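Inspection log for the structure reproduced underneath, given as structure tokens.
Every value quoted in this text rests on a predicted model; they were computed, and no experiment measured them. Counting starts at 1 for both ligands and their atoms, following the listed order.
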Amino acid sequence: MKWYRKLHWQIIIGMVLGLIYGIVAAKFQWIGFAKNWVVPFGDIFMNLLKLIAVPLVLTSLVAGVASLSDFKKLSRMGGKTIGLYITTTAIAVTIGLLVVNTINPGNRLPAETKDNLTKQFQANANAKAKGETVESAKARGPLQPLVDMVPDNFFGSASSNRNMLQLVFVALLIGIALVQVNSEHRQPVLTLFEGLQAVVIKLVNMIMLMAPIGVFALIAKTITTLAVGEEGQTDLAQIGAILGALGYYCIAVIIGLLLHICVVYLGLLKLWTPLKIVQFFKAVGPAQLLAFSTSSSGATLPVTMRQCREKLGTSRETTSFVVPLGATINMDGTALYQAVAAVFIAQASGIPLDMGAQVTIVLTAVLASIGTAAVPGAGIIMLVIILEAVGVPGEGIALILGVDRILDMLRTTTNVTGDAAVCAVIAHSEKQLHPPNE
Ligand code: ASP
């Protein structure tokens with residue numbers, strides 16, 4: 001097959017063209033055209049991906065859990081998976097704290113820039129994370145994510161992609177109950193869920209054919225939004241200036257994410273799977289690219305599952321259980337970013353954080369990342385909880401909102417990589433990893 005016929009190359013081409021188009025559109029003020037004729041294709045693509053998120057999580061988790069026909073196997077695999085997810089997240093936060101305390105990005109910010117940025121982003125922050133979100137996040141205790149996880153109505157939990165954690169909870173409960181009823185009752189229900197799962201997976205493949213165009217439109221949208229100011233004036237230098245001022249902060253997040261991927265994931269893969277590193281990245285590449293361009297591990301979930309099953313060779317059973325659960329609760333990139341961002345904002349606002357505060361950051365970031373919805377920008381809203389826990393005003397997020405989209409792309413890519421790495425480890429430990437020979 002010619003290289004350009006491969007989907008991941010088409011996605012890369014879509015991304016590069018989207019970048020070029022975005023800059024040109026901003027420069028020549030083609031914003032109206034981009035908005036009316038390009039951006040909608042990105043929205044359609046996102047809608048399609050989101051559309052299948054709920055059926056996918058529900059069918060795969062129920063089928064995944066229930067097909068682990070014996071309860072002992074389920075608790076063993078569940079215990080291992082959740083244990084590994086939480087451990088990697090705690091390590092991610094620790095790496096984030098080490099990096100940010102070494103680079104000290106907030107202390108390098110000139111006072112003048114700091115003031116300007118705070119003023120400039122204040123309006124943005126108020127608009128984006130205003131009222132209810134910030135207020136309700138403030139009123140939450142650290143265990144609130146656990147309470148939020150238990151829905152009081154099934155349809156409520158399935159009615160919004162933001163309630164994904166609740167849906168995971170319901171799906172796990174149904175799956176666990178199914179394992180325990182006698183096989184006469186279990187079998188037809190299980191067959192139904194497996195059939196539905198096959199249909200949803202087919203849908204994923206169909207939707208993915210649109211990915212190159214969708215990704216083109218999404219990147220073009222991001223670039224034009226960044227490059228065109230509130231009053232419609234083109235200010236390409238703005239991107240450079242903001243990135244320059246917040247450069248050290250971004251570098252800290254990026255170094256942290258890279259360290260986490262190289263040390264933790266590659267370490268896990270080397271120690272506990274027979275997979276070669278190149279083979280792993282080749283397999284999860286399309287999922288990483290999609291995570292990068294959509295900033296949503298929820299929207300990427302179908303592709304992550306497909307790549308794990310077809311290219312890494314993890315069994316259907318393991319993949320259906322480990323990956324959807326991971327897309328919802330395992331957000332190492334988000335937790336790491338939240339730790340760096342919290343310290344950066346504290347430093348920039350001149351609030352010292354002692355050892356106790358840093359430990360609080362570890363605990364709250366692990367919990368907050370579990371409760372973070374797998375949608376773009378969710379991480380920064382949950383960041384308010386962490387800031388409040390260490391006595392930093394939640395409004396401090398205003399400072400970093402401008403660069404959040406770019407970091408969201410990177411942390412989502414890390415989140416998705418983590419789900420795939422853990423899936424490979426669990427599959428191998430269950431003797432369910434059979435990499436295809438290419
Ligand atoms: N966008 C991230 C994800 O979907 C969540 C976040 O905002 O950190 O994985």
Checklist entry - Short list, please: which atoms of ligand 1 are under 4.0 Å from a heavy atom of T334? => result 5 (C), 6 (C), 8 (O)
Checklist outcome for this item: In ligand 1, the atoms that come under 4.0 Å of a heavy atom of T412 are 1 (N), 2 (C), 3 (C), 4 (O), 9 (O)
Checklist outcome for this item: With T318 as partner, the option from Q432, R309, E430 fulfilling side-chain hydrogen bond (donor to acceptor under 3.5 Å, both in side chains) is Q432
Item to check | Nearest-option assignment for atom 4 (O) of ligand 1, heavy atoms, candidates S297, A291, G333 | outcome: S297
Checklist entry - What atoms of ligand 1 come closer than 4.0 angstrom to any heavy atom of N415? => result 3 (C), 9 (O)
Item to check | Ligand-side contact atoms (ligand 1) for residue partner S296, heavy atom cut-off under 4.0 Å | outcome: 4 (O)
Item to check | Other residues, nucleotides, ligands: >12 heavy atoms within 6.0 Å of F281 CZ | outcome: yes
Checklist entry - Under 3.5 Å, N or O to N or O, is A378 touching ligand 1 that way? => result yes
Checklist outcome for this item: Taking every heavy atom of C308 against every heavy atom of V323, the minimum-distance pair comes out as SG-CG2, 4.2 Å
Checklist entry - Which of the numbered atoms in ligand 1 are below 4.0 angstrom from a heavy atom of G379? => result 6 (C), 7 (O), 8 (O)
Which pairs would a plain distance check flag for residues 91-101, meaning a side-chain donor or acceptor within less than 3.5 Å of a matching protein atom at least two apart in sequence or in another chain?
from, atom 1, to, atom 2, distance (Å)
T94, OG1, A90, O, 2.7
N101, ND2, L97, O, 2.8
N101, ND2, Q358, OE1, 3.0

Checklist outcome for this item: Interatomic distance, CD1@I176 vs OG@S75, rounded to 0.5 Å, equals 8.5 Å
Item to check | Listed partners of K276 passing side-chain hydrogen bond (donor to acceptor under 3.5 Å, both in side chains), at least two apart | outcome: none
